[in-house]
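Single-structure report; data block below.
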Amino acid sequence: MATLSSSSRLYSSSPICKSRFSPTTLVSGIDFISFSPRTTLSYSSALVSPVILSLSVKHNRRRSSLQVKSVASPTEAVSEFDEMVSGTKRKYYMLGGKGGVGKTSCAASLAVRFANNGHPTLVVSTDPAHSLSDSFAQDLTGGMLVPVEGPEAPLFALEINPEKAREEFRSASQMNGGTGVKDFMDGMGLGMLVEQLGELKLGELLDTPPPGLDEAIAISKVIQFLESPEYNMFTRIVFDTAPTGHTLRLLSLPDFLDASIGKILKLRQKITSATSAIKSVFGKEGNKPDAADKLEKLRERMVKVRELFRDTESTEFVIVTIPTVMAVSESSRLSASLKKESVPVKRLIVNQLLPPSSSDCKFCAIKRKERAGSNACS
Ligand SMILES: Nc1ncnc2c1ncn2[C@@H]1O[C@H](COP(=O)(O)OP(=O)(O)OP(=O)(O)O)[C@@H](O)[C@H]1O
């Protein structure tokens, strides 16, 4: 079970630079910082402190980099968090960014911080490469809410298995345990049109679920159960999302489904309305949900997920990055794409910042040089 201490201040040694990772004071932005897999959540020293910055981005065309105009001082970072923690209305925080920058670590960290500030909190991982279990040193893989011990207010964690979500899509698109296009079309009463509709590439669509769909289904499941009175108590929901590409595809899913399956649904509607008069005379109008109904429901759920991402009142997408050239470039593209999708991004977490030091070990000196070249903050 959880290894959080009562105050959730946990310590561990760093796998990379032991001398630097002594237990130390809190960092104002996010309380605990690094996690050692399968051990404990930990505060690292100031070596790798994540800082929450308010995002004021300027896209530099020539260098195509994200320019954070003002770096938050520790005091400002506190006020950023104060804003995130204020109010009792439910808020969703979606943490996303390039693979490996520390999304899971920061999501877990933020969730503990919310709980320690009195918010009953749920942290959910929809990342196919789950590491939330490692962050909390608890097994969260059962698809159930697991209580995390330690914080002052209730904190629950949940990992959603993307494989299971994918199965849901398959079951919607494949009737009676069969596979492929023929089955799907049969399910809609259009089996005789399979040949003619080959050019719609339905086979590809149904056999290989579109990227991002698993995550979208996972998020929609969480939205669904959070609507029930049983889970009313949660006032902060933190999502540890999949790396950049998945998130963006997830947002375009409703359009994607509209464009591909929508055509079939329209065709089916036409045929159904032409034949319904005859069917009703013979009492054959069935109420059983078919493949089309299931897919239509799926599309509605995808729309709901996209709406949640775009809801400025209740949701905030927080980009997690590290100060390296590649991470900053990707964050810049993510920020621009999210803006295009009307997803509000106000804050950025810069993880693994290196504070000034006169006594660097060789490793830290290399890291510092690497980060200095990123020009992330100016
Ligand atoms: N501030 C930090 N200090 C030290 N180690 C860190 C820090 N942030 C993250 N790490 C380590 O970096 C690794 C990747 O972190 P994490 O799993 O949180 O990243 P992620 O962005 O969620 O990765 P993925 O995209 O693969 O899901 C982990 O081993 C984690 O312990």
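Ligands are counted one by one from 1 in listed order, and the atoms in each one are counted from 1 as well.
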Note: ligand 1 atoms sitting under 4.0 Å from heavy atoms of Q352 are 1 (N), 2 (C), 6 (C), 7 (C), 8 (N), 9 (C), 10 (N)
Using a strict 4.0 Å cut-off to heavy atoms of S131, name the atoms of ligand 1 that fall inside it. 17 (O)
So for N351 against ligand 1, with non-hydrogen atoms under 4.0 Å, the contacting part is side chain
Main-chain N/O of R310 paired to S342 side chain as donor or acceptor, under 3.5 Å: no
Is any side-chain N of the basic residue among E316 and K91 closer than 4.0 Å to the acidic one's carboxylate O? no
Do any nitrogen or oxygen atoms of S105 lie less than 3.5 angstrom from nitrogen or oxygen atoms of ligand 1? yes
Specify whether F81 and F114 have parallel, tilted or perpendicular ring planes, treating 30° as the upper limit for parallel and 60° as the lower limit for perpendicular. parallel
Minimum heavy-atom distance L308-T315, with the two atoms named: O-OG1, 2.7 Å
Would you indicate whether E313, at its atom CD, is surrounded by more than 12 heavy atoms from other residues, nucleotides or ligands within a distance under 6.0 Å? no
Taking 4.0 angstrom as the limit and counting only heavy atoms of K103, give me the atoms of ligand 1 inside it, by number and element. 18 (O), 19 (O), 20 (P), 21 (O), 22 (O), 24 (P), 25 (O)
Give the atom numbers and elements of ligand 1 that come within less than 4.0 Å of a heavy atom of G99. 25 (O)
